[in-house]
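Just so you know, ligand 1 is whichever comes first in the structure, and atom 1 is the first atom listed for that ligand.
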Amino acid sequence: SLEIVEHGTICVSNGIIQSIQRMGKEYSESDSTLPPTTLLEKLGHDDTTTNPPPTIRVIPKNYFLFPGLIDTHIHASQYPNLGIFGKTTLLEWLNKYTFPLEASLTDAVKAKRVYTQCVQRSLQNGTTTAAYYATQSARSTNILADVLISLGQRGFVGRCAMDSDLQPGWYRDGSPESAVADTAACVAYCKEADESGRVRGIITPRFAPSCSREAMSGLGRLLAEGEEDGLLCQTHISENKGEVALVRKLFPECSSYAQVYDVHNLLTPRTVLAHAIYLTEKEIELVKLRQCGVSHCPTSNMALGSGSLWLRRLLDEGVKVGLGTDVSGGYDVNVLEAARMACLVSRGVAEGGKGEGSKISVEEALWLATRGGAQVLGLEGKVGAFEVGMVWDAILVGADEVPVALDCDAAGMFNGVSEKVKKPKIGGKVDFFGWESWEEKVAKWLYSGDDRNVRAVWVGGELVCQK
Ligand code: GUN
Ligand code: FE
């Protein structure tokens, strides 16, 4: 369910939500011109003696604050390939489009450009936390960490471990040992570069067909060693029928795809499994037992023709689920696109025989995009909602002028990294917004909103994007 506070204040200090007040209609807009302390007193806050005096931000009519969106699965390195699939499905798509692009990011200048554009676009769409895959190259992976740190997004940065003979010779780790050592080095790099812990490394065996048993075992050991630090692991599982058949052939000693990861100690409460479309009942039991999270990537699954996840079954089983854009298997960095796709795919699944109860509601989709993602990434109770004690990762959503394009000049926000983005104003002011109930406004935003609706983005209380 979604709690809507029509009139209220949220106090944030040092990036943490200190108080949330629900108010009556006695508050009027002219109150916003009062001196901050007077206004706070009128609003009933006890502590009005802060020094320096608090900054007050009044949210315009028809705007609303929402918890920042959480992308539990995105390949920053694939950003230039958005929308390019040809006639391929997963395995051919990887070889034809994905690996050549990723391999080209050993060029540090290109890597920085690609990652900067991807992370900026992600932030502009309201994503405050994202779990990224970079490339096989440690150097290129560390560049992604630098970009995240400089742009202010919360995130996890994974170097793709991939030492299997199946990988092309021009794009793979040289040995199981180097696959593990390079992963450890990237995790250590983040720890060193960002003491705040906002940007962290994540163990990333690309997927079973890309990895040797030795590499997976080594990464499982790293994961166990990182337990105290809350180190996470991410990979792909059961995305495509051909992939599932390939894993069966490559690992005949294992009874299932999930077991391949399990025997190498890669299934833990800190593991994020992307896709999980074709898991058997036994595998779901195992995933549940190990308390792994699942990243549901419906945009990607539709675009690559991978299949339709029966999401309701996982939710009913109590498996943690969040949403992933899976750029560039997914064609959009916007988590809202994944959220509405989750609604649409669930309708297809329901129609396909799983029944009405399989449909995902607007509120559930938004829960998956926020709280669900936080659970999957081990950030429950920290981000994903507005509660006292949680971190101020938030977006300001405004839809009063949509579908009128806005002037957008994010350049100043990004230390000169970005190019000036100017969008032309088209058309006049439209009565798009304002007459509906708040539930309807939120539904409208979910189904038809885009980056133009995201007017400001905060991470850890810091304004990282404003339009
Ligand atoms: N499986 C292994 N690598 C990838 C990837 O880059 N994208 C997707 N969607 N699936 C994968
Ligand atoms: Fe992926």
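- Atom CZ of Arg139 has 12 or fewer heavy atoms from other residues, nucleotides or ligands within 6.0 Å.
- In this model, a donor atom of one side chain and an acceptor atom of the other lie less than 3.5 Å apart for Glu243 and Tyr257.
- Below 4.0 Å from some heavy atom of Gln78 lie the following atoms of ligand 1, by number and element: 5 (C), 6 (O).
- Summarising the contacts of atom 6 (O) of ligand 1 with Arg206, Glu243, His275, the nearest heavy atom is found in Arg206.
- Between Val362 and Tyr447 there is a side-chain heavy-atom pair separated by less than 4.5 Å.
- Using 4.0 Å as the threshold, Trp93 has a heavy atom nearer than that to some atom of ligand 1.
- Interface atoms of ligand 1 facing Leu90, defined by a heavy-atom separation under 4.0 Å, are 8 (C), 10 (N), 11 (C).
- Polar contact with ligand 1: absent for Glu102 (N/O pair, distance under 3.5 Å).
- A donor-acceptor pair under 3.5 Å is formed between the side chain of Asn240 and the backbone N or O of Gly242.
- Around the Fe ion (ligand 2), the protein N, O or S atoms found under 2.8 Å comprise His73 NE2, His75 NE2, His236 NE2, Asp326 OD1.
- Around the CD atom of Glu317, the shell of radius 6.0 Å holds more than 12 heavy atoms that belong to other residues, nucleotides or ligands.
- Counted by atom type alone, Glu337 and Tyr331 present one or more donor-acceptor pairs between their side chains at under 3.5 Å.
- Relative ring orientation between His73 and His75 is described as perpendicular, the plane-to-plane angle rising above 60° on a 0-90° scale split at 30° and 60°.
- Interface of Phe207 with ligand 1, defined as ligand atoms under 4.0 Å from a residue heavy atom, comprises 1 (N), 2 (C).
- Note: Phe251 and His264 fail the aromatic proximity criterion, with ring centroids not under 6.0 Å apart.
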Residue pair Arg121, Asp451: steps toward the salt bridge (Lys or Arg N to Asp or Glu O under 4.0 Å) verdict: CA-CA 8 Å; Arg121 293 287 298 139; Asp451 60 318; 3.2 Å; yes

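- Considering backbone and side-chain N/O of Asp326, one or more are found under 3.5 Å from N/O of ligand 1.
- For atom 10 (N) of ligand 1, the nearest non-hydrogen atom of the protein is Glu239 OE1, 2.7 Å.
- One finds a salt bridge joining Asp173 and Arg159 here, because a Lys/Arg side-chain nitrogen approaches an Asp/Glu carboxylate oxygen to under 4.0 Å.
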